Amino acid sequence: SAPTNFDPRFATDATSSRINRLLYERLIDFDETFHPIPSLAEWEMISTTHYRFHLKPNQSRFHDGTRLTAKDVKATYDFILEAQNASPHRRPLSLIKEVLIPGRFIIDFLLSRPDPLFPGYLAISILPAHLIATDHPFHSDPIGSGPFAFVSRHDDTRITLKRLADNQAFEFITVPDPTVRALKLLANEIDLAQNDFPPELVSYLEKDEEIRIERHPGSNFSYLGFNFADPLTQQITIRQAIAHAIDRDALIQFVLGEAAHPAESLLVPNHWAGAQHLTPYNHDPDKARALIRQAGYTLEHPAPLTYKTSSDPFRVRLATIIQYQLGQVGIDVDVRSYDWGTFYGDIKAGQFQMYSLAWVGIKTPDIFHNVFHSQSVPPEGANRGRFHSPIADRLIERAEQAQDLSEKRSQYQGLQRHLHETLPFVPLWYEDHVLIARRDIQGFVMTQDGNYDGLKFVHRQTSTGSEN
């Protein structure tokens, strides 16, 4: 699907976030263990509520030629922190009491309370202050300081960026049909794609000597979400029945081609705050049918459930199989597929009973407040299912108020156990990343969250061995 917003202050969909990483830079980034590391700036903790960031020397410039300074950092964060601007990224930054600039390349963040995770919250892309002041339309005309510059958006299906290191043009093309994508790859009309093919097409393309395929374990969390304002899906017995009715192992083996690993929580188990040893909801149709009967339904009088998904053919196929599995236990599923914009708009507006999506690029556990706290109902956050649990709220708040990492880890792990029991989501799997490229395309390095950073290094290898 095409990106929806090139303004990182508002973008929330995966494609926009991945392209924005190429267009903009940020104060910090993350290593492979999800700990924050310097990007634009090094930092020091002056006190538990005072962090000082020093922009690195010889700092890059924005694509309009202006120098990136502390003023730009302050303007970016001040905009997000202003409630009337309604940035979806405001909540985790709300502990910032004030942003000061004691020097041209020095930024001070004063906090309302201590939080040892604070540096990890500063992954927002930096925008130029002089354009923020003039309400520049970043959503359609992005101007950042990243390794790629925006060139044009020809229409909804084609975007061109320029790699500044060598002025190489890159076209991002939206092709909704996976078969057409495969044909374009074989016809040398597309150079590379990531995660855009069902397993049977991956196997087909793998047989072509001009195509190269690489796989990498992923951290993107796929799940089924529910509306807690709906009389049916607010029932725990219905959600438990759905969890036991779905044969995840079979779906991973036969539908995803083994390119996924079962998930029990939003954070991967090797995350420093990840919860390990959660008991899976094993495939148990008999138990699911018993739960359905407990809720007052039977195979003869099934529970009616509407399941929304995107119109991507693979996602529709997956939804159809889940529809069949739920039908075997007494849930009559009506699958409705929509183009991405309509589907995502419905989910954000809470217009659903059940849907499937994936959380992409999760690095810090503050995601739990954004997704599960009762105060994070849109537009204040991403609690799109209107989940409300006093226990979850209390564990989230305790984790945020904890003064050391071990206590935070303990509270977040307790929260994940509670969420696993109450099932605001039915966890499905962490999907692997699959790169499919023409044989002459080299240098792309995949990451656990599936970002596009590898485009900084990708090149075309010619038959003579030289590169261009």
Side-chain angles (χ1 to χ4, degrees), residues 34 217-226 228 233-256 258-295 303 305 318 321-322 325-326 328-331 354-359 362 365 367-368 371-373 383 385 387-396 398-399 406-432 448:
F34 305 99
S219 60
N220 297 342
F221 172 72
S222 295
Y223 65 93
L224 295 176
F226 303 98
F228 279 70
T233 52
Q234 70 177 210
Q235 300 179 49
I236 181 63
T237 50
I238 293 293
R239 302 195 303 277
Q240 289 173 337
I242 291 170
H244 284 296
I246 294 174
D247 191 345
R248 290 189 302 173
D249 291 340
L251 288 169
I252 290 172
Q253 180 179 355
F254 298 111
V255 183
L256 280 83
E258 303 281 5
H261 298 84
E264 302 303 333
S265 179
L266 201 154
L267 296 181
V268 291
N270 66 336
H271 190 287
W272 66 264
Q276 301 178 1
H277 312 302
L278 294 174
T279 303
Y281 285 89
N282 292 324
H283 181 226
D284 190 339
D286 290 337
K287 187 170 185 178
R289 280 187 282 269
L291 288 163
I292 289 296
R293 286 195 298 272
Q294 186 178 333
L305 178 65
L318 194 60
I321 297 171
I322 291 175
Q325 293 182 347
L326 298 186
Q328 299 301 297
V329 303
I331 303 174
M354 184 176 80
Y355 68 94
S356 57
L357 260 178
W359 278 103
I362 297 167
I367 185 71
F368 287 112
V371 177
F372 297 113
H373 198 283
N383 186 352
F387 174 68
H388 184 187
S389 164
I391 295 175
D393 286 355
R394 185 166 61 250
L395 288 167
I396 290 169
R398 285 177 179 173
S406 62
E407 177 61 19
K408 282 185 176 292
R409 180 185 299 111
S410 175
Q411 295 297 330
Y412 279 126
Q413 289 176 340
L415 171 65
Q416 289 167 85
R417 288 190 291 270
H418 173 68
L419 295 174
H420 196 257
E421 294 169 358
T422 53
L423 287 179
F425 293 166
V426 165
L428 295 176
W429 45 69
Y430 306 112
E431 290 190 23
D432 293 348
Q448 193 170 11

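We number each residue from 1, following the sequence as shown. Please read all numbers here as calculations on a predicted model, not as lab measurements.
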Discussion item. Please find the pair of heavy atoms, one from T422 and one from I236, that lie closest to each other, and give the distance.
Written reply: O-CD1, 3.4 Å
Worksheet item: Are H261 and D432 side-chain neighbours, meaning at least one heavy-atom pair lies under 4.5 Å?
Response: yes
Practice prompt. Could you tell me whether the side chain of H244 and the main chain of N282 form a donor-acceptor pair under 3.5 Å?
Written response: yes
Item to complete: Sequence neighbours left out, what pairs pass salt bridge (Lys or Arg N to Asp or Glu O under 4.0 Å) with at least one residue falling in residues 268-288?
Response: D286-R289
Worksheet item: Between A295 and T237, what is the shortest heavy-atom contact and its length?
Response: CB-OG1, 3.6 Å
Practice prompt. Determine the interplanar angle of the H418 and F387 rings, folded into 0 to 90°, and report it as parallel if under 30°, tilted if 30 to 60°, perpendicular if over 60°.
Written response: tilted
Discussion item. Using every non-hydrogen atom in the two residues, find where S222 and A358 come nearest and quote the distance to one decimal.
Written reply: OG-CB, 3.8 Å
Worksheet entry | Heavy-atom pair with the smallest gap, counting every atom of P262 and D249 | CG-OD1, 4.2 Å
Discussion item. Looking at N383 and H373, would you say the former's side chain and the latter's main chain have a donor-acceptor pair under 3.5 Å?
Written reply: yes
Fill in: Sub-4.5 Å side-chain heavy-atom contact between I242 and L305
yes
Worksheet item: Do Q325 and I246 come within less than 4.5 Å of each other through their side chains, counting heavy atoms only?
Response: yes
Discussion item. For a side chain to side chain contact (heavy atoms under 4.5 Å, CB included) check, start with the C-alpha distance between L419 and F368, then their side-chain angles and the critical distance, and finish with the verdict.
Written reply: CA-CA 10 Å; L419 295 174; F368 287 112; 3.9 Å; yes
Worksheet entry | Nearest heavy atoms of V371 and W359, plus distance in Å | CG2-CZ2, 3.5 Å
Worksheet item: Taking all atoms of both residues into account, what is the closest heavy-atom pair of A243 and L423, and its distance?
Response: CB-CD1, 4.1 Å
Practice prompt. Take Q411 and I396 through the test side chain to side chain contact (heavy atoms under 4.5 Å, CB included) and record every step on the way to the result.
Written response: CA-CA 7 Å; Q411 295 297 330; I396 290 169; over 6 Å; no
Discussion item. Quick one, Y430 and P217 - any side-chain contact, counting heavy atoms below 4.5 Å?
Written reply: no
Item to complete: Take F226 and I238 through the side chain to side chain contact (heavy atoms under 4.5 Å, CB included) test and state the conclusion after the steps.
Response: CA-CA 10 Å; F226 303 98; I238 293 293; 6.0 Å; no
Item to complete: With rounding to the nearest 0.5 Å, note down the distance linking CZ in R417 to CD1 in I391.
Response: 12.5 Å
Fill in: Exercise: do Q448 and S219 side chains pair donor with acceptor under 3.5 Å
no
Worksheet item: Should the pair Y355 and Y223 be assigned to parallel (<30°), tilted (30 to 60°) or perpendicular (>60°) ring geometry?
Response: perpendicular
Worksheet item: Can you tell me how far CG of L326 sits from CD1 of I331, rounded to the nearest 0.5 angstrom?
Response: 5.0 Å
Worksheet, complete the sentence: Those residues at least two apart in sequence (or on a different chain) that pass ring-ring contact (aromatic ring centres under 6.0 Å, His included) with H388 are none
Worksheet item: Are any of the side-chain heavy atoms of Q328 and D247 separated by less than 4.5 Å?
Response: no
Worksheet, complete the sentence: To the nearest 0.5 Å, atom CG of L428 lies from atom CG of L251 at 8.0 Å
Fill in: Audit row: L256, L318, side chain to side chain contact (heavy atoms under 4.5 Å, CB included) steps and yes/no
CA-CA 9 Å; L256 280 83; L318 194 60; 4.2 Å; yes
Worksheet item: For the side chain of R239 and the backbone of Q234, is there at least one donor-acceptor N/O pair under 3.5 Å apart?
Response: yes
Let me have the donor-acceptor pairs involving side chains of residues 264-272, under 3.5 Å, with sequence neighbours excluded, atom names and distances please.
unit_1, atom_1, unit_2, atom_2, d
E264, OE1, H420, NE2, 2.9
E264, OE2, R248, NH2, 2.6
S265, OG, Q416, OE1, 2.7
H271, ND1, A273, N, 2.9
H271, NE2, K363, O, 2.7

